[in-house]
Amino acid sequence: MQTSIFNVLTWAKPPVTLLAPPFHTFPSLLIIAPRRKLKYNNNFKGRTKKEGNYHRSRSGSRGGICRAMPCSSIVTTDNTCADVGGGGEENGRFRKFKLNHSTFLASLMPKKEIGADRFIEAHPFYDGRGALIAIFDSGVDPAAAGLQLTSDGKPKILDVIDCTGSGDVDTSKVVKADGDGRIRGASGASLVVSSSWKNPSGEWHVGYKLVYELFTDSLTSRLKKERKKKWDEKTQEEIAKAVMHLDKFEQKHTKVEDPKLKRVRGDLQNRIDILRNQADTYDDKGPVIDAVVWHDGEVWRVALDTQSLEDDTKSGKLADFVPLTNYRIERKYGIFSKLDACTFVVNVYDEGNILSIVTDSSPHGTHVAGIAAAFHPQEPLLNGVAPGAQLISCKIGDSRLGSMETGTGLTRALIAAVEHKCDLINMSYGEPTLLPDYGRFVDLVNEVVNEHRLIFVSSAGNSGPALSTVGAPGGTSSSIIGVGAYVSPAMAAGAHSVVEPPAEGLEYTWSSRGPTADGDLGVSISAPGGAVAPVPTWTLQGRMLMNGTSMASPSACGGIALLISAMKAEGITVSPYSVRKALENTSIPVGGLPEDKLTTGQGLMQVDKAYEYIQKSQDFPCVWYQIKINQSGKSTPTSRGIYLRESTACQHSTEWAVQIEPKFHEGASKLDELVPFEECIELHSSDNAVLRVPEYLLLTHNGRSFNIIVDPMNLRDGLHYYEVYGIDCKAPWRGPLFRIPITITKPKAVMNRPPLVSFSRMSFLPGHIERRYIEVPLGASWVEATIRTSGFDTTRRFFIDTIQICPLRRPIKLERVITFSSPTAKSFAFSVVGGQTMELAIAQFWSSGMGSHETTIVDFEIVFHGIGVNRTEVVLDGSEAPIRIEAEALLALEKLAPTAVLNKIRVPYRPIEAKLCTLPSNRDKLPSGKQILALTLTYKFKLEDGAEVKPHIPLLNNRIYDTKFESQFFMISDTNKRVYAMGDCYPKSSKLIKGEYTLQLYLRHDNVQYLEKMKQLVLFLERNMEEKDVVRLNFFSEPDGPVMGNGTFKSSVLVPGKKEAFYLSPPNQDKLPKNSSQGSILLGAISHGKLSYAGQEEGKDPRKNPVSYQISYVIPPNKTDEDKRKGSSAACSKPIAERLEEEVRDAKLKVFGSLKQDTDEGRSEWKKLAQLLKSEYPEYTPLLVKIMESLLSRDNIDDKTQHYDEVIDAANEVIDSIDRDELAKFFSLKSDPEDEEAEKNKKMMETSRNQLAQALYQKGLALAEIETLKGEKASVLAAIEGTKDSDQTGGQSAVGSDVQSDLFEENFKELTKWVDLKSSKYGTLSVLRERRCGRLGTALKVVNEMIQDDGEPPKKKLYELKLSLLDEIGWSHLSTYERQWMHVRFPPSLPLF
């Protein structure tokens, strides 16, 4: 996955300058990148596939690196070309060229390159009108520049949908308004509904949302800075007041010796300290917005209360909100506040029970939409490619995941595209894949394309320049048009502002290349991969530069929208099959070599020529030619091309069986279309010396097969690309009806020993790429590489990729971006797979060194290393026996220096609950009519200490496209329902505090049988161990070494041909993590070799060595608990009669404790039994404690004063039952820990002390409550009876209060003798005491300490107490801050999935 500033994953990259540093971008440029996008890196040290100038696809992990690749060779020419756009026959070649104002603006939104400008000039009314594009992305801002109207005055955006559910609000709670038109919002706020709103039912659905959950990280960061500035101002005001009060006190009391005055001064100082500490620990979780949903008799309406966002308290009120309805109905949107300037729309689902507040999760989607279809009537040169087209926005980038797509989002987006009868889909997201053209999403796309005739366009990826880097779904799926990223000279000069643009157009260095693992070309066509396009209003700018295949895809999509506009207007049948054929057969080749097709596809698309082709071929059937290839004699695997990559495949001729099957759209007439279909195909080979094919083929609807002979034996080492293609004998002008790509990478064998390969004096100019193919020697497991540069003056930036392809694995890829400020050498190491071909691709970045005219000379050296072992992944079974490991050097002398650590613990869990349901809304109803089902699995776990935790589901993780399961999502919450973590198939570690947690896993599919099989799905929780707890394993040269402690093995030198063995010791039992349960697994890494240039202390951590393997240790059963056996034997020593009596007594207490007191009858029964037991077991402390606890558990108390009197009486009985003198005497003496009887007595005394403390504590709380109730009663009587009576009542109450106060103080002092009242368990009493004395600052300090010391998920009562103190002090801004946090810590329910 990739991470960008906006944490999204799409095929785009952040804007950067393409010259040597410093980097120049547009003023106040924001860098953005959706999840499978490319990552912006000013220094280019890393590359990822996020928006911005650089993004790359993910390789192996979710987050790759972005780069584009130019042609394999740079062709220069003296020809000049007036066509500065780079389109036409000259493919953008030009020399002496200067931009003017018009050509500069045109370069910011390139259209000339693909002939779109020529097409619209020839057909001004075919500018996209009538075409509807679905934008599958991070969301589109309907308020962005150019996205309001089409060129013919129609609404530009017809619908805006959040397909992810990240903006969903639970509005299932229904309330009624009171006589004043007030309702209670879901946040607890009192809201006034407007009298002008129609609501025939009188029912108001309410919900709330933390507004930061709707914003991007960059917007949230901006708001936090602005809000903190204002918050700091208020805090400083309060600090100044507090300091002034302390100063006045000290002036009045120059010498403070009286204890009471000392406490008063301490209280004033505490207030200052609290304010200062609050400023240091400020963490803004954002305002809460209340949402109200109702039905006005016609449609569902929505209003939001956004007062908490506004500076002016009169703004943002619910009653002043102009109600919205589903965007599709009225196409209206709102803005939360002037501060955020963030646009939103709403949609209501499930009969008002779900409100979707739709915002974008990054600027990427708006930028993409602008490239495809923006319309700027005042500045037409900045129009998108198809300004007349209309759009729907399908947000697939989940805001909860930083704009990463989810299976839910992808599926709902396809449903929406079909429902809206879209013509086109653009998707600028993707990632590497395990299997090409495979998975649930691909199956649904095939259905949408083949049955509903949608044309699906997607980015190929930003993981170049190496081959086989195209990502899913754009570059790996047959039904999708995958687009590579092209840069023209005009784009380089204008949009990228390079000093000297290239002589001709080329592919960006980072653009992903084909072929796919099964031999398909991967890239279909190319289009301009950079633009300055509209971005959302919250960015506080109108447009920005981004480049990536994320930008190339909407450019191509806009061009196709022009074709659809024309086809609809001319009555030509629209089919993805015929449109794709037209595009591919009319594209202009980029580069002069056959293998350049792997980079650019069929070339740079040309809209005008494609339309001419469509017009001419409109009477031909709409057919897609499906190709299935098997090597003769083998039924599997089936591929879409021929890819000979390994050396063994290049040593002899091979025969391949090809099946060609014409595919018609669903619903095609059998008699009128299928039966008559017959084509005479002339087969051609691009090189008859390598490929031999039959000359002709008669193709009917049922398909035909033929054989291909591939003979690579006479080819030189390196890359070779060929095609077999079929031409219609009757209409050869149609061009190839189908193409079979054949890619051969003949590797260089490494014969010398030690195994070293060097490539000397390779010459580089900007954009040039050198590819080398090497057969990695068997036995090699890592490489030490050195690159040396010379012959240049200005800074040079190089992309270095290596890639290996193994069956059923994502490509094994190394990605490096190295910047050379001067000629020098740099070394690095990486792992390899022995026996597999490795591609080495070295590219000088396309804009690096432009204007210098100096060639860079590169020398590259590779040294292979390897230590073969008989066990790669090691499993220690929990026994004391060591594991024997055998090692050998297969290539050259190697230093054997094994090291192993265990640094993670993985604990298995099964669900405690499984709920299967059918999703109710139409957004979860597939085009086939099937309703999607959801399975929610609930897991419980407990942490004894804080830890970083990551869920791990082996069956489902790390696959989003190449999986047959539709979707997964999880959330981790505590006992207060606070959510600590959310994630999908790429879980991340989350820091959790000590406590109990619930993990809910949400799975979706339309097949109930699949979900039924998942009801007992095993989930692992993986915890990172702290560095001090990491277990380092030892090695021995003897099998008994772990027990005897001798024969330690450190290191040796391996000689080729001679094996050496050693033993890996299991960990010592006392080194295992505490609280690790039986069946848990400790995970870590083991390595055997060491870098040749590593220092003495380096290489001790296997995770930092070039090659390491997983090691696991199964935790065995725990030791037998000796203490339990001793306790059991002691109990058995009692007489049977005594034991029986105790068992009967304990059983009675258990029954007594289970009695319910929720009715008068129940309370009466409880009281009778209590008296009976007290008479039977007089002064038995556990019974008296049980009675007190039962009283405290009562609810719905009518007479609270009487209740607290009963609690006091019960507490007194507990207190009186305990001999406090004996207790005090015991704790004044030390006991002998070796004396079993003394230890037993100590435990009994500790229990008695705890019971005494609890009784004193509860008595103190009850006394404080009675005092509060009497004070409230006195206030009420004073208000009723008047001033005179109130004085009398007040006097009587004061007397009672004094008495109560004396009792409270007496009880408090007694409790201080036995426990620390600052602890979280008893601190509440200290708070109440300080509050009673008016020392609110000290009281607040104690509350804060209790919260901090608790160490578990917080208790709501403590925070409510803190809030009341803040209100009482008058710190309103702190009170508001804490109330916002209450919605985070104590939500009423879990959020929706």
Side-chain angles (χ1 to χ4, degrees), residues 2-16 25-40 48-55 66 108-109 135-147 157 160 162 166-167 214-223 333 335-336 340-345 358-374 382 384 391 393-399 401-405 426-429 459 495 530-548 550-551 553-554:
Q2 285 113 318
T3 37
S4 87
I5 284 191
F6 294 90
N7 287 333
V8 203
L9 195 50
T10 57
W11 303 112
K13 318 185 347 159
V16 300
T25 57
F26 287 88
S28 67
L29 179 70
L30 290 179
I31 307 306
I32 320 150
R35 180 182 103 176
R36 312 263 189 303
K37 298 186 236 184
L38 155 138
K39 178 179 184 180
Y40 174 57
T48 55
K49 196 166 118 186
K50 295 223 159 201
E51 320 175 16
N53 272 345
Y54 284 93
H55 57 137
C66 315
L108 303 183
M109 184 64 77
I135 304 293
F136 287 15
D137 215 284
S138 62
V140 179
D141 182 358
L147 296 180
I157 302 177
V160 179
D162 178 4
S166 57
L214 300 170
F215 293 164
T216 66
D217 289 344
S218 56
L219 173 56
T220 299
S221 177
R222 171 166 70 82
L223 292 180
Y333 56 82
I335 294 177
F336 290 106
D340 54 77
C342 181
T343 307
F344 70 91
V345 308
V358 190
T359 57
D360 61 77
S361 57
S362 96
H364 187 269
T366 301
H367 194 273
V368 164
I371 294 173
L382 294 177
L391 307 172
S393 168
C394 298
K395 176 182 172 182
I396 62 170
D398 197 306
S399 297
L401 306 177
S403 195
M404 184 178 292
E405 75 268 42
N426 182 85
M427 179 172 159
S428 295
Y429 270 64
S459 47
V532 177
V535 288
T537 56
W538 61 260
T539 63
L540 308 184
Q541 65 185 94
R543 53 180 63 90
M544 70 171 65
L545 169 67
M546 296 185 202
N547 57 244
S550 277
M551 285 62 251
S553 181

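Since the structure is predicted, the reported quantities are computational estimates derived from the model, not experimental observations. Scope of the values below: all heavy atoms of this structure, side chains included, with no hydrogens, waters or symmetry mates. For the single chain, residues carry numbers from 1 onward in sequence order.
Nearest heavy-atom pair across P142 and V345 is CG-CG1, 4.0 Å. When all heavy atoms of V368 and S428 are compared, the closest pair comes out as CG2-OG, 3.9 Å. Residues A374 and L147 share a closest heavy-atom pair of CA-CD2, 4.1 Å. Between M546 and V535, the shortest heavy-atom distance links the atoms CE-CG1, 4.3 Å. Taking both residues in full, the closest heavy atoms of A341 and L540 are given as CB-CD2, 4.3 Å, listed atom of the first, atom of the second, then distance. Scanning both residues, S166 and D398, for their nearest heavy atoms gives CB-OD1, 3.2 Å.
Side-chain atoms of V160 and V140, non-hydrogen and from C-beta on, never get closer than 4.5 Å to each other. Between R543 and L108, the closest side-chain pair of non-hydrogen atoms is not below 4.5 Å.
Of the possible donor and acceptor atoms, none in the side chain of R222 sits under 3.5 Å from a partner among the backbone N and O of T539. The closest donor-acceptor contact from the side chain of S361 to the backbone of S138 lies under 3.5 Å. Remark: side-chain polar atoms of S553 are not paired, donor with acceptor, to backbone N or O of S550 under 3.5 angstrom. When atom types are taken as modelled, the side chain of S403 and the backbone of S362 share no donor-acceptor pair closer than 3.5 angstrom. Between the side chain of H364 and the main chain of D137, no donor-acceptor pair closer than 3.5 Å is present. A donor-acceptor pair under 3.5 Å links the side-chain atoms of H367 to the main chain of A531, judged by distance alone.
Paired with D141 under the rule side-chain hydrogen bond (donor to acceptor under 3.5 Å, both in side chains), one option of T366, T359, T343 passes, and it is T343.
A distance of 7.5 Å separates CG of D360 from OG of S399, quoted to the nearest 0.5 Å. In this structure, CG on D340 lies 6.0 Å from CG on L219, to the nearest 0.5 angstrom. We find the CG-CD1 distance between L391 and I157 to be 6.0 Å, quoted to the nearest 0.5 Å. Note that the CD1 atom of I371 and the CE atom of M551 stand 4.5 Å from one another [nearest 0.5 Å].
Remark: F336 pairs with F215, F344 by the ring-ring contact (aromatic ring centres under 6.0 Å, His included) rule, at least two apart or across chains.
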